[in-house]
Amino acid sequence: MNAIDHQYMPLALQQAALGQNSASPNPSVGCVLVKEGVVVGAGFSQPSGGGVVKGAPGAHAEVMALSVAGAHAEVMALSVAGDLARGATAYVTLEPCSHHGRTPPCADALLKAGVVRVVAALTDPNPLVAGQGLARLAAAGVTVKSGVLHADALEHHKGFISRMVRSRPWLTVKMGASLDGRTALANGQSQWITGPAARSDVQKLRARSCAMLTGVGTVLADDPQLTVREFAVGRQPLRVVVDSQLRTPPDAKLFNQPGVLIVGAQDNAAKRQALEVAGAEVLILADAHGRVDLAALLNELGRRGCNQVTAEAGGTLVGALFQAGLVDEMLLYQAPVLIGDTAKGMATLDLTDLNHKLQAKVVERRLVGDDLRVTLRFTDAGEFYVG
C-alpha cells in the first residue's frame with residue numbers, strides 16, 4: 001500500500017501547484033481520486049472568484065468542471081469523478097476540512113460521495129480542523145492515513161502553515177546581486193545587474209506571493225511597480241511599503257494598480273490624505289524606537305490572510321528584517337559581474353562578532369540564464385510544525 005500511496009500523492013501535489021498563485025488565503029490543496037488503479041478525478045483549491053478546471057491527465061474522462069467560487073480541492077475532484085468516486089481512494093495534500101467556512105466541510109463531501117479511503121500528506125494546522133477531519137472520516141468507517149510525502153507537502157504548504165502556527169506569513173527576501181555581493185552602485189543605479197531570464201523568474205515569484213514588501217528608499221530610488229506583468233494572473237499581490245515618515249510620492253508607479261499599503265511610524269495628516277487620495281491604505285505601526293514595527297507588520301499581514309510575502313528591498317530594510325529574526329528564506333540571483341566595493345551591499349547588519357553571523361542552509365543552486373539562483377533557508381518549516 002505504501003508504494004501505491006507514494007505513486008499517487010505526487011499527482012495531488014502537482015494539482016496543488018496549479019492553485020498556488022490564486023488560492024490564498026486558503027491553502028492551495030491538491031486532490032486526486034483513484035479507483036481500481038485509474039485516476040477518476042482531480043482538482044485543486046479554487047480562487048474566490050471561481051474559474052474553470054479540467055480533469056487531470058489520466059482521469060477516466062476528460063471532463064470540464066465549472067468551479068464554485070472558493071471551492072476546495074476535494075469538491076473539484078469529486079465534481080470531475082461524479083459517480084466514479086464511490087469506492088475510490090482520495091489523495092489530498094492537506095487534511096480535509098471538518099468545519100463550515102466559506103464552503104461546507106470537505107470531509108462530509110467525501111463521505112457523501114462514497115469515498116472509502118483518504119490519504120493525507122499533512123494534518124491541517126488550522127485550529128478549526130487539527131485532526132478533526134480525519135477523525136470524522138474514520139468514525140464513519142473510512143480508512144484514513146496521513147504523513148505520505150510529508151516533507152514535500154510541508155514545503156508546498158509552508159506559507160499557510162506559517163500563518164496558522166506562527167500567526168505570520170512565510171517571508172522570502174529576493175535579492176539580485178553581483179559576484180562581489182553588491183546590489184546597486186553608490187549612486188543608486190541598479191537596473192540591471194541580473195539578466196532577463198532572472199527577472200522573468202522573479203515574475204513567477206511575485207505571482208505566488210500574497211504581498212510584496214519594500215522600503216520607501218527603494219520606491220524613491222527605483223519607482224518600482226512590484227506587480228506581475230509578464231503573464232496573466234487572477235490577482236496581483238498587495239504592495240506594502242515600509243515608510244516611517246510617509247515619504248512615498250503620491251504619483252509613484254505603485255499606484256498604477258489598486259492594492260497599496262503604506263506602513264508608517266509617524267502620522268502626518270496631510271501626507272496621509274495625499275496617499276489615500278492616490279489609492280493607498282495608510283497604517284501606523286510604530287515600535288518603541290519610532291520605527292515601523294516589522295514584527296507587528298507581519299502579524300498584520302497574517303491577519304489579513306497573507307500566506308507568503310516576498311521582500312524586494314534595499315539593504316536597510318533587509319538588514320532590519322534579518323536582525324528582527326523575521327526572514328525565513330532568501331532567493332539570491334547572483335550575476336557574473338563585478339561592480340566594486342563602493343557599491344551598496346545586500347543587507348545592513350551591525351555585527352561585531354563572527355559568532356553572531358546569520359547562518360543559512362543552501363537548499364538549491366541552479367542557473368537561470370547566465371545568473372546563479374541560490375535558495376537559502378534560515379527557517380525550517382519542520383521546526384514549527386510536524387503534523
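Excluded from the calculations below are hydrogen atoms, water molecules and symmetry mates; all remaining heavy atoms, backbone and side chain alike, are included. Since the model is a prediction, treat every value here as computed from it, not as a measurement. The chain is numbered in sequence order, starting from 1.
- Using a 4.5 Å cut-off on side-chain heavy atoms (C-beta onward), Leu372 and Arg365 make contact.
- Between the side chain of Ser45 and the backbone N or O of Ser28 there is no donor-acceptor pair closer than 3.5 Å.
- Counting only distance, with no hydrogens or angles, the side chain of Asp293 and the backbone of Leu285 share no donor-acceptor pair below 3.5 Å.
- Within the 3.5 Å criterion, the main-chain N or O of Gly195 finds a donor-acceptor partner in the side chain of Asp371.
- For the pair Tyr8 (side chain) and Gly37 (backbone), a donor-acceptor distance under 3.5 Å is present.
- Criterion: ILVMFWY side-chain heavy atoms under 4.5 Å apart, direct or through other members. Under it, Leu297 and Val309 are part of a common hydrophobic cluster.
- Residues Arg377 and Glu383 are not paired through a salt bridge, judged by the lack of any N-O separation under 4.0 Å between the basic side chain and the carboxylate.
- Other residues, nucleotides and ligands place no more than 12 heavy atoms under 6.0 Å from the NZ atom of Lys253.
- One distance of note links CD1 of Ile284 with CD1 of Ile262; it measures 10.0 Å at 0.5 Å rounding.
- A pairwise comparison of heavy atoms in Gln203 and Thr227 identifies OE1-O, 3.6 Å as the closest pair.
- Between the side chain of Gln257 and the backbone N or O of Phe255, no donor-acceptor pair lies under 3.5 Å.
- With 3.5 Å as the limit, one finds a donor-acceptor pair spanning the side chains of His157 and Thr93.
- Residues Ser162 and Arg166 have side chains that bring a donor and an acceptor to within less than 3.5 angstrom of each other.
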- [ ] Report the C-alpha distance between Asp341 and Arg182 in whole Å, list the side-chain angles of each, state the deciding distance to 0.1 Å, and finish with yes or no for side-chain contact (heavy atoms from CB on, under 4.5 Å).
- [x] CA-CA 8 Å; Asp341 61 359; Arg182 305 294 170 166; 4.2 Å; yes
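- Of the possible polar contacts, none joining the Gln323 side chain to the Leu349 backbone as a donor-acceptor pair under 3.5 Å is found.
- When all heavy atoms of Gly305 and Pro25 are compared, the pair lying nearest together is O-CB, 3.4 Å.
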- [ ] Step by step, work out the side-chain contact (heavy atoms from CB on, under 4.5 Å) result for Val115 and Thr89.
- [x] CA-CA 6 Å; Val115 169; Thr89 293; 5.9 Å; no
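- Across every non-hydrogen atom of Leu238 and Gly259, the tightest pair is CD1-O, 3.4 Å.
- Defined by atom type and a distance below 3.5 Å, a donor-acceptor pair is present between the side-chain atoms of Asn307 and Arg163.
- Partner of Val368 under the side chain to side chain contact (heavy atoms under 4.5 Å, CB included) criterion, out of Arg373, Arg199, Gln334: Arg373 alone.
- Using modelled atom types, one side-chain atom of Glu95 and one backbone atom of Asp124 make a donor-acceptor pair closer than 3.5 Å.
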- [ ] Test Lys158 against Asp328 for side-chain contact (heavy atoms from CB on, under 4.5 Å), laying out the working first.
- [x] CA-CA 10 Å; Lys158 61 184 182 290; Asp328 296 308; over 6 Å; no
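- For the side chain to side chain contact (heavy atoms under 4.5 Å, CB included) with Leu376, the qualifying choice from Val173, Val327, Val362 is Val362, the only one to do so.
- Shown are Val32, Val92, Thr143, Asp5; of these, the side chain to side chain contact (heavy atoms under 4.5 Å, CB included) with Val119 is made only by Asp5.
- Within a 6.0 Å sphere centred on CG of Asp370, heavy atoms belonging to other residues, nucleotides or ligands number 12 at most.
- Thr379 and Glu329 are not linked by any side-chain donor-acceptor pair at a separation below 3.5 angstrom, with hydrogens and angles left out of the test.
- With sequence neighbours left out, Arg303 forms a salt bridge (charged side-chain N to carboxylate O under 4.0 Å, His left out) with Glu300.
- Of the possible donor and acceptor atoms, one in the side chain of Arg239 sits under 3.5 Å from a partner among the backbone N and O of Leu254.
- You'll find the side chain of Glu230 reaches within 4.5 Å of the side chain of Ser200, heavy atoms only.
- Using a 4.5 Å heavy-atom cutoff, the side chains of Met330 and Lys174 are not in contact.
- Between Phe384 and Trp170, the ring planes lie tilted relative to each other; the angle falls in the 30° to 60° range.
- Within 6.0 Å of CD in Glu36 there are 12 or fewer heavy atoms belonging to other residues, nucleotides or ligands.
- Salt bridge status for Asp380 with Lys361: absent, with no side-chain N to carboxylate O gap under 4.0 Å.
- No side-chain heavy atom of Val277 sits under 4.5 Å from any side-chain heavy atom of Leu275.
- Of all heavy-atom pairs spanning Thr316 and Thr348, the tightest one is N-OG1, 3.7 Å.
- Counting heavy atoms from C-beta on, the side chains of Tyr91 and Leu11 never come closer than 4.5 Å.
- Of the inter-residue distances, the one linking Asp243 atom CG with Leu283 atom CG reads 12.0 Å to the nearest 0.5 angstrom.
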TODO: Take Cys97 and His72, measure what side-chain contact (heavy atoms from CB on, under 4.5 Å) needs, and give me the verdict at the end.
DONE: CA-CA 9 Å; Cys97 63; His72 292 189; 3.7 Å; yes
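- For the pair Ala42 and Val80, the tightest heavy-atom approach, listed with the atom from each and the gap, is O-CG2, 3.7 Å.
- Without hydrogens or angle criteria, Asp222 side chain to Pro224 main chain gives no donor-acceptor distance under 3.5 Å.
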Could you give the side-chain donor-acceptor pairs of residues 213-220 under 3.5 Å, partners two or more places apart or in another chain?
unit_1 : atom_1 : unit_2 : atom_2 : d
Thr214 : OG1    : Glu312 : O      : 2.7
Thr218 : OG1    : Gly314 : N      : 3.2

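- Residues Ser167 and Asn299 have side chains that never bring a donor and an acceptor to within less than 3.5 angstrom of each other.
- At least one side-chain heavy atom of Val240 sits less than 4.5 Å from a side-chain heavy atom of Val263.
- Between Thr123 and Tyr385 the shortest side-chain heavy-atom distance falls below 4.5 Å.
- The side-chain heavy atoms of Leu205 and Asp201, taken from C-beta on, include no pair separated by under 4.5 Å.
- Atoms OG and CZ, from Ser209 and Arg206 in turn, are 9.0 Å apart once rounded to the nearest 0.5 Å.
- Atom CD of Gln273 has 12 or fewer neighbouring heavy atoms from other residues, nucleotides or ligands inside a 6.0 Å radius.
- Across all non-hydrogen atoms, the minimal contact from Ala109 to Leu78 is O-CD1, 3.6 Å.
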